[in-house]
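To start, the structure under review is shown below, and the notes come after it.
In what follows, every heavy atom counts, from backbone to side chain, and hydrogens, waters and symmetry copies are set aside. Both counts, for ligands and for their atoms, begin at 1 and track the order of listing.
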Amino acid sequence: MGLLALGTALEWPEAKKRADQVREWGIKQLLEIWNKAKGKERDALLWGDEVEYLVVNYTKDNEKVYLSLRQAEILKALAADKDLAKEGGCVPALQDTDGKKSNTLPVFHPEFGRFMLEATPGKPWGIGFKELLGVEPDMKLRRKIAKEHMLTSEYPITLTTYPRIGAPGQFTDPYYPPSGDKLRSQFVPDEIANPHIRFPTLAANIRSRRGRKVQVNVPIFHDQNTPNPWKDPTVNYDLHKFPEDDDVRNGAAPDNFIHMDAMAFGMGSCCLQITFQAKNINEGRTLYDQLSPLGPIMLALTAATPIYKGFLAGTDVRWNQISRAVDCRTPEELGEKPLKNDRWRIPKSRYASNSTYISLDHRLREEYMDPDLVVDPKIKAELINGGMDDRLATHFAHLFIRDPIVIFEEDLQELDLSKTDHFENIQSTNWQHMRFKPPPAENNIGWRVEFRSMEIQVTDFENAAFSVFMVLLTRAILSFDLNFYIPIKKVDENMERAHNLDAVLHDKFYFRKNVFPSRPSRANTVFGDDAAPNGTNGGSSRPGSRYPSRPGSPGGGGPVELEYAEMSIDEIVNGSADGAFPGLVPIVESYLDSVNVDVETRCELATYLSLVSKRASGELDTAARWIRNFVAAHPAYRHDSVVGDDINHDLIGAVIELCEREAAGRNFAGLGIPGLSRLLGKFRGGCGSEADAEAEGNGVVNGDAPVVV
Ligand code: ADP
Ligand code: MG
Ligand code: MG
Ligand code: MG
Ligand code: MG
Ligand code: MG
């Protein structure tokens, strides 16, 4: 997110009138960046993670837990901390200074929810293997520093969503009644959003553009005592304060769905994002494409979102809820009414899986592209006239079909080509699962790619594990020249499947069968021209490649449908039983074998790979499964899908305890939290540190195996 400059935010009818101007100026700024940075070379391989937190107000003996709305005060306390400032850690939105390159302490950022915080490392990570081991301690440090600037009863926790957000009664501290003018929600107050004018305006203008409130409906999980059909008992059909109160009378809250009606239900979710800097634009474009098909796989693997508004949901991940929570499409764009005032039908929300591949890779075949892609032809022509190639122009002309939602009057006086604000206005409100980030105007940053689908995990060990795994996978992709291309429509379908309950165990996902490069390619041909004669493209023959040819697997020439198959996450991550598909973790291991890593580092990295591998195989539970089991085993649970205050209290308590114990070491023995060893396993023993060995003997958790992480 960019810095939050203050200004006069336009309400929707006014903003709409200025949309063309913002797009026009945004494209001019983009071309300026393009021309300046397209030849940028040899940027360092840097990367950085973003961890988002919910701030809860929790005490052991009060059954009520609250979302703390003190984001601003906490950020202020962080910014005012002289010791932090000395080390370079700070809050950029509040201390708008440049030259923070030598930061060693984490940086904290505001987020949409007034109960949220985001923290990033003080400066991006390099890819040295030792540096990878710094990630987990840094994440722990972030949590510790955040906690130190909170009240005694406040805790930063990394659940994706607050289980009882929007449930009846008080769930925020302080309490505000719902039905404010901006969100017009019957469940959450306007005060739940960051009060900076950008955020309420974003929510209000999305609602205005749509012509009704957002509709975030999640299927209820049908437990043995859950009525069928189930009617959301928290919906009030008798409100008459705003015109939008009619929504539920017009069918916005169908049977068997948990009904939510505001941006906060989606954008109030926490995720784990990773940004990679590429050495040049082409490498960035390659990474963008190759990471795209991994989005849904990693979403399913990190599933952590089983509860909404106090009910168990029939889905496991946050993605579609956020998508719906910011869906600004009009009835015409949605195809509910014939096109009259709007320009086109738009198949997806502006928060959705990405619809473009952008690389100039000859292996990218025309058939992989989205045949229904909507682009603005005028903008595309302008980009091509400005010197951009067709493929990238298509990508941006697709992003630019959207209207800017928040426009500040002051920014429309004069076009400043040394800035990127208008470009970023559209770019940063296209929340796709990959983001291609051009270099910002001012400093020396290169072309970056952001991987955005992963769910935040409960502990920093897990968050570090998934981050490090993704970093290593990008190294393997580049080093082995891997090819994960499948038709982008199949990526969309995978994204839907990733929502299913325990998708990691029960679902199959489209995945490319042969990911190794085929014979030396003819350089720089465009679509579909990698068709080597049959039989010559069966597998890798790259010099130095560890991978043998696999006769019979299509490498590029045959029909597209033969290039991919439906595989389980276990097969994708750990390899197929018949050895036909090697598996992402073994690929990463081969990469590690091919480079110099000392034994100790390798062992630490192995603990991360092991977590990923065991989550995929089902030996360990996803956070979603762990939470479901926790609820099911709770004495207060009546198997009616209701997650009441008492269960919520104990779940939040467990999560807090887990992270406090994690901060003190890695020994979770004796914590008494059900299911812990199924969540975290016993990974650390192998590296042989004294503390681990000592702890190993005595940790029994509720009859589970010893837990030493
Ligand atoms: P956004 O919210 O727009 O995605 P943030 O600034 O919050 O961006 O975080 C982006 C992440 O990228 C952070 O972890 C940061 O450390 C990292 N980062 C910053 N500069 C670079 C760079 N040049 N290359 C790679 N990652 C970077
Ligand atoms: Mg961020
Ligand atoms: Mg952001
Ligand atoms: Mg964020
Ligand atoms: Mg981000
Ligand atoms: Mg209790």
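- The distance criterion of under 3.5 Å between nitrogen or oxygen atoms is met by K437 with respect to ligand 1.
- Take R329 and apply the side-chain hydrogen bond (donor to acceptor under 3.5 Å, both in side chains) test, not counting sequence neighbours, and it matches D327.
- For Q273, the nearest N, O or S atom to the Mg ion (ligand 5) falls under 2.8 Å.
- Ligand 1 places these atoms under 4.0 Å from at least one heavy atom of P121: 14 (O), 16 (O).
- For R143, the side-chain hydrogen bond (donor to acceptor under 3.5 Å, both in side chains) test picks out T158, D460, with sequence neighbours left out.
- Under 4.0 Å is where a charged nitrogen must lie from a carboxylate oxygen, and between D289 and R285 no such pair does.
- With hydrogens and angles disregarded, no donor-acceptor distance shorter than 3.5 Å links the side chain of W431 to the backbone of I322.
- Below 3.5 Å of separation, one finds no N or O of K123 facing any N or O of ligand 1.
- Assignment of E118 to the shell around ligand 1 is supported, since a heavy atom sits closer than 4.0 Å.
- In terms of modelled atom types and a separation under 3.5 Å, the side chain of Q273 and the main chain of S453 share no donor-acceptor contact.
- Among D43, L46, N444, the residue whose heavy atom lies closest to atom 25 (C) of ligand 1 is L46.
- Within E118, the N/O/S atom positioned nearest the Mg ion (ligand 2) carries the name OE2.
- Among I445, T275, I274, V449, the residue whose heavy atom sits closest to atom 26 (N) of ligand 1 is T275.
- Relative to atom 17 (C) of ligand 1, the option among G48, G126, G446, S467 with the closest non-hydrogen atom is G48.
- Annotation for ligand 1: atoms under 4.0 Å from non-hydrogen atoms of D49 are 13 (C), 14 (O).
- The backbone N or O of M150 lies less than 3.5 Å from no partner atom in the side chain of E73, so there is not a single donor-acceptor pair.
- Nearest heavy atom pair, residue I405 against residue A15, reads O-CB, 4.3 Å.
- Rounding to 10 degrees, one finds that the Mg ion (ligand 5) sits at the corner of an angle of 90° between E50 OE2 and E450 OE2.
- Under the 3.5 Å distance criterion, the side-chain polar atoms of N494 are left unmatched by any main-chain donor or acceptor of P296.
- Remark: ligand 1 atoms within the under-4.0 Å shell around heavy atoms of W47 are 25 (C), 26 (N).
- Note on R70 versus E154: salt bridge recorded, some NZ/NE/NH1/NH2 to OD/OE distance being below 4.0 Å.
- Within the 4.0 Å heavy-atom criterion, the part of E450 lying near ligand 1 is the side chain and not the backbone.
- On a distance-only criterion, T120 and ligand 1 share no N/O pair closer than 3.5 Å.
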